[in-house]
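Small disclaimer: the values here were computed from a predicted structure and weren't measured.
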Amino acid sequence: MSEAQERQRGSAGIAGRVALVTGSSRGIGAEIARELAARGALVAVNYRRREADALRVVADIESAGGRAVAVGADVTNRSEVESMVKRVEAALGPIGILVTNAHGFDESIRAFPLDVDVEDLTAIVSGQIRAVLLSVQACVPGMVERGSGAVVTISALPARDPWIRSITHGTAKAAMEAIAKFLARYLAPTGVRVNTVIAGVTRTESSAQIPAERLAAAVETVPMKRMGEPQDIARLVAALASDDSSYVTGAFVPACGGALIL
């Protein structure tokens with residue numbers, strides 16, 4: 001089966017729906033936006049500061065025949081999130097797919113557990129919780145009213161496999177995973193599904209911050225012996241957002257080359 005045929009098959013429950021992807025001006029988020037658009041979604045590309053990058057993602061989507069808009073908002077700020085959702089729905093229609101990708105890895109904050117600055121830790125965890133819950137609280141009530149919707153959250157390997165100098169990142173993503181569990185159970189009767197992709201070491205601008213020798217050592221621990229690519233994450237997100245996964249909610253699916261077996 002060709003890639004085009006695979007995408008066509010995977011468009012069930014995606015084509016014609018409006019998708020908001022937070023933190024999608026670059027990296028994994030940008031690839032998720034492109035993948036959903038390739039499968040027929042109308043995509044809102046969220047950014048906080050990098051408008052030019054977001055506009056390039058929109059241009060990529062439109063040049064491929066899709067439809068997209070760029071929407072600026074700090075997803076840790078309630079009023080900005082609510083305004084963003086209103087703008088998206090005015091431009092594209094009711095949001096049926098939400099991907100919470102924003103507020104992730106920060107290589108500059110690295111400490112052993114006994115040395116971590118508590119203020120750094122609590123700020124990162126609080127920001128991650130706000131980035132997910134504020135977006136969910138703004139988008140999901142409309143999905144509930146319509147009786148269907150898909151939320152996909154993006155987690156990371158340190159939430160399950162504690163890399164000892166990634167306590168801030170890992171704790172933040174573990175908190176996000178806990179929220180996803182509660183949301184999945186609470187929303188299941190409404191027709192709104194909540195699933196989580198656990199990303200391993202993936203080739204992005206963020207992973208490029210990691211010193212080369214440490215990155216190589218991390219890749220060596222991956223059974224598949226390669227880094228993930230943003231497309232690997234994007235295709236899994238699309239599968240979980242589609243009606244092919246209509247009986248799947250509360251799932252935590254690793255995309256990490258075998259580094260995590262659940």
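- Within the 4.5 Å cutoff, side-chain heavy atoms of V140 are placed close to those of V151.
- Rounded to the nearest 0.5 Å, atoms OG1 (T100) and CG (L134) are 11.5 Å apart.
- Inter-residue side-chain proximity for S135 and L98 is flagged as met; some heavy-atom pair is nearer than 4.5 Å.
- Every residue meeting the side chain to side chain donor-acceptor pair (under 3.5 Å) condition with S79, not counting sequence neighbours, appears here in chain and number order: N77.
- Annotation: the span from F112 atom CZ to I167 atom CD1 amounts to 11.5 Å, rounded to 0.5 Å.
- The two residues V85 and C139 have their closest heavy-atom pair at CG2-SG, 3.7 Å.
- Contact annotation: the side chain of V136 never approaches that of V194 to less than 4.5 Å [non-hydrogen atoms, C-beta and beyond].
- Identified under the salt bridge (charged side-chain N to carboxylate O under 4.0 Å, His left out) test for residues 85-94, with sequence neighbours left out: none.
- Clustering ILVMFWY residues whenever any of their side-chain heavy atoms sit less than 4.5 angstrom apart, transitively, puts Y186 in the very cluster that holds L133.
- In terms of the side chain to side chain contact (heavy atoms under 4.5 Å, CB included) criterion, residue partners of A174 (sequence neighbours excluded) are, by chain and number, A159.
- Of all the heavy atoms in V57 and S25, the pair that sits closest is CG2-O, 3.7 Å.
- Under the rule for a side chain to side chain donor-acceptor pair (under 3.5 Å), E213 has no partner lying at least two apart in sequence or in another chain.
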Please list, one pair per line, the donor and acceptor atoms closer than 3.5 Å that link side chains of residues 141-148 to other protein atoms, with sequence neighbours excluded.
residue: R146; atom: NH1; partner: G142; partner atom: O; Å: 3.2
residue: R146; atom: NH2; partner: I95; partner atom: O; Å: 2.7

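- Distance check, rounded to the nearest 0.5 Å: CD1 of I28 to CD1 of I154 gives 7.0 Å.
- A search for side chain to side chain contact (heavy atoms under 4.5 Å, CB included) contacts involving R193 returns A150, N195, S245, T249, not counting sequence neighbours.
- Residues V75 and N46 form a side-chain contact, since some pair of their non-hydrogen atoms from C-beta on lies under 4.5 Å apart.
- With sequence neighbours left out, L262 forms a side chain to side chain contact (heavy atoms under 4.5 Å, CB included) with R160, I198, F252, P254, L260.
- Pairs of residues two or more places apart, or lying in two chains, that qualify as salt bridge (charged side-chain N to carboxylate O under 4.0 Å, His left out) and include a residue from residues 56-68 are R34-D60, D53-R56.
- Contacts of L236 classified as side chain to side chain contact (heavy atoms under 4.5 Å, CB included), with partners at least two apart in sequence or in another chain: V197, L240, V253, A255.
- Here I97 contributes atom CD1 and R39 contributes atom CZ; the two are 10.5 Å apart, rounded to the nearest 0.5 Å.
- Contact annotation: the side chain of V45 never approaches that of V21 to less than 4.5 Å [non-hydrogen atoms, C-beta and beyond].
- Among residues two or more places apart in sequence or in another chain, the side chain to side chain donor-acceptor pair (under 3.5 Å) test is passed with R185 by none.
- Residues T171 and L121 form a side-chain contact, since some pair of their non-hydrogen atoms from C-beta on lies under 4.5 Å apart.
- Residues T202 and I233 have side chains in contact (heavy-atom distance under 4.5 Å, counting atoms from C-beta outward).
- Taken together through direct or relayed side-chain contacts under 4.5 Å among Ile, Leu, Val, Met, Phe, Trp and Tyr, L187 and M176 form part of one hydrophobic cluster.
- Between D232 and R226 a salt bridge is recorded (basic side-chain N to carboxylate O distance below 4.0 Å).
- A 4.5 Å side-chain heavy-atom check between L92 and V69 finds at least one atom pair inside the cut-off.
- Residue pairs meeting the salt bridge (charged side-chain N to carboxylate O under 4.0 Å, His left out) criterion with at least one member in residues 73-84: none, sequence neighbours excluded.
- Under the 4.0 Å criterion applied to side-chain N and carboxylate O atoms, R17 and D243 are assigned as salt-bridge partners.
- Using a 4.0 Å cut-off between charged side-chain N and carboxylate O, E177 and K181 make no salt bridge.
- Taking each heavy atom of S166 and P158 in turn, the nearest pair found is CB-CB, 4.3 Å.
- The side chain to side chain donor-acceptor pair (under 3.5 Å) test applied to T153 returns T196, not counting sequence neighbours.
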